[in-house]
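Structure first, commentary second.
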Amino acid sequence: MSTTTACPCGSGREFPACCEPVLSGRAKAPTAEALMRARYSAYATGRVDFIEKTHAPESRADFDRAASEKWARESSWKGLTIVAVKGGGEADAEGVVNFSARFSTGGKDYEHREIATFRREKGEWLFVDGKSPKPETFVRAEPSVGRNDPCHCGSGKKFKKCHGR
């Protein structure tokens with residue numbers, strides 16, 4: 001990447017001032033979110049060694065290097081959105097980052113959503129595991145209208161004959 005290229009992580013900063021020092025090993029990620037951003041940038045720039053290195057020891061056995069290399073190489077990385085962060089600050093030992101990574105492969109666009117847990121070990125943040133977010137339950141404020149109930153518009157017709165088409 002050139003020195004005038006925006007960082008793939010979407011921080012709005014230039015790559016050499018954002019994720020590149022973390023990816024190259026010249027700096028440590030100060031927060032769990034910074035490590036998450038650097039891991040996304042590692043996929044976007046094909047630096048799979050960094051992905052493997054930043055896995056916690058107990059999760060390295062689950063890491064499929066060949067699949068990760070293929071995914072990084074064959075995908076066009078579209079952006080990262082940090083949805084929420086819990087803990088993971090410079091003084092914390094653990095953190096959780098809820099994120100959405102957008103990419104395309106094979107001409108189709110995809111979104112990978114994950115809640116990733118991190119832990120700091122010997123001054124370095126490590127990826128522990130990731131889980132898919134659970135869908136939020138929708139709760140109606142009022143009861144739903146049945147097909148045979150009077151229409152809500154006041155026409156006097158049954159809902160199914162008025163607005164329920």
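Looking only at atom types and distance, the side chain of Ser24 has no donor-acceptor partner in the side chain of Arg47 under 3.5 Å away.
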Q.
salt bridge (Lys or Arg N to Asp or Glu O under 4.0 Å), that's the test. Do Glu58 and Arg60 meet it? Break it down for me.
A. CA-CA 6 Å; Glu58 68 274 15; Arg60 285 189 186 137; over 6 Å; no
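Under the 3.5 Å distance criterion, the side-chain polar atoms of Ser75 are left unmatched by any main-chain donor or acceptor of Ala72. For Tyr40 (side chain) and Leu35 (main-chain N/O), no donor-acceptor pair under 3.5 Å exists by modelled atom type. Side-chain atoms of Thr54 come within 3.5 Å of backbone atoms of Phe50 as a donor-acceptor pair (strictly under, hydrogens ignored).
In this structure Ser11 satisfies the side chain to side chain donor-acceptor pair (under 3.5 Å) test with no other residue, sequence neighbours excluded. For the ring pair (Phe, Tyr, Trp, His ring centres under 6.0 Å) test, residues two or more places apart in sequence or in another chain that qualify with Tyr43 are Trp71, Trp77.
Heavy atoms only, all atoms of each residue included: Arg120 and Ala91 are closest at NH2-N, 3.8 Å. In terms of heavy atoms, Cys9 sits closest to Leu80 at O-CB, 3.7 Å. Nearest heavy atom pair, residue Ile51 against residue Ala42, reads CD1-CB, 3.6 Å.
How far SG of Cys162 is from NZ of Lys157: 5.5 Å, rounded to the nearest 0.5 Å. Separating the CG atom in Leu23 from the NZ atom in Lys53 is a distance of 9.0 Å, to the nearest 0.5 Å.
Counting only residues at least two apart or in different chains, salt bridge (charged side-chain N to carboxylate O under 4.0 Å, His left out) contacts with residues 82-96 are absent. Legend: side chain to side chain donor-acceptor pair (under 3.5 Å) pairs involving residues 29-38, not counting sequence neighbours, sorted by first then second residue: Glu33-Arg37.
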Using atom types as modelled, flag every donor-acceptor pair under 3.5 Å from a side chain in residues 123-134 to any protein atom, sequence neighbours excluded.
from: Trp125; atom 1: NE1; to: Pro30; atom 2: O; distance (Å): 3.3
from: Asp129; atom 1: OD1; to: Thr117; atom 2: OG1; distance (Å): 2.4

Enumerate, atom names and distances included, each donor-acceptor pair closer than 3.5 Å involving a side-chain atom of residues 109-116, sequence neighbours excluded.
from: Glu111; atom 1: OE2; to: Ser100; atom 2: OG; distance (Å): 2.5
from: His112; atom 1: NE2; to: Glu114; atom 2: OE1; distance (Å): 2.7

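Looking at heavy atoms from C-beta onward, Phe103 lies out of side-chain contact with Ser76 at the 4.5 angstrom threshold.
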